[in-house]
Amino acid sequence: MSSRRSHSRHSSASRITEEEINELVSKLQMMLPDAPIRRNSRVSARKVLQETCSYIRSLHQEVDDLSEKLSELLASTDTDSAEAAILRSLLMQ
Amino acid sequence: MASVPSSSSSSPSQPKTRKKPGQNSSPAPPPQTKWRTGTQERLYSRRLVDALRATRDRTQVQESVGSRAVKEAADSALALTARGQSRWSRAILFGRNSCRRKLLVKAGGKIRRHRRKQHGVPPVAAEPGVLKEQKVKERLRKLGRLVPGCRKLPAATLLEEAADYVAALELQVRTMRALADALSAATVSAPEEEETAAVDPMAIAEQGS
């Protein structure tokens, strides 16, 4: 642990080691929804990047759908019930 | 090399501070945990609500709030919640608010306005072996196009930004879905009164014809 810290300190962000890249790739891999626990062995970086791209794209799509839904909802509700609903959702967090 | 057990275990809170004397700054919490704390969710939902309300106040009665406006408000709120600590959030905020400085002030002045490349020139010669494959480079370029403001970054920075961005997007989706559910629950109860009022004249009109 300490050796890695001092190592990165020596390189001072001008030289990126393969180890750091692998660490970042595995961190990304763990965030993907596709059962990160199963992939204990190292998946190729190419695949992780590809899945990350498609995952980001699907998240963008969801955001678009949700914003459309939200805009419809905002248009149809009047102010009071909208405010009440918003407060309710905030309190439930 | 021993693996760092910070985020792989099921602890939802931030990892304990490991303050060693020779450390530059405290290590940033990994994106998975950072964006999933309750405070972040509440912060973001509050900001989102404010942004949506501001958007609705701006558009008058005639035009309804467009979905694009909602999405932009959501993205700006998300970038604000990031407090300008990541490149994609800065890219979003600076792209939108070239004329509006209020949002920057709202963030508490915590956004550093560095547009130049920080920490020197990105390395060209010292790329590790994984990155020299052609396909990996292609994927990296695709990723750079998806994350806002990250087209020309070196690989490691891009990967960090992507991880943070993915976690933030997940938060955005979760919050928006909760908000939509709450709003639709409200709309189910409200128009019932209007419908019962509208049905009567319709029925009378049908009987009359």
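Each chain gets a letter, A, B and so on, in the order the sequences are listed, and its residues count up from 1.
Rounded to the nearest 0.5 Å, atoms CZ (A:R46) and NZ (B:K135) are 5.5 Å apart. Distance check, rounded to the nearest 0.5 Å: OH of B:Y165 to NE2 of A:H60 gives 3.0 Å. How far OG of A:S67 is from CE of B:M176: 4.0 Å, rounded to the nearest 0.5 Å. Here B:E160 contributes atom CD and A:E20 contributes atom CD; the two are 8.5 Å apart, rounded to the nearest 0.5 Å. A distance of 9.0 Å separates CG in A:L59 from CD in B:Q172, rounded to the nearest 0.5 Å.
Between B:L159 and A:L49 the shortest side-chain heavy-atom distance falls below 4.5 Å.
Looking at every heavy atom in both residues, A:L66 comes nearest to B:A180 through CD2-CB, 4.5 Å.
Sorted by first and then second residue, the salt bridge (Lys or Arg N to Asp or Glu O under 4.0 Å) pairs with a member in residues 52-65 of chain A read A:E62-B:R177; sequence neighbours excluded.
By the side-chain contact (heavy atoms from CB on, under 4.5 Å) test, B:E138 is found to be paired with B:Q134, residues two or more places apart in sequence or in another chain being considered.
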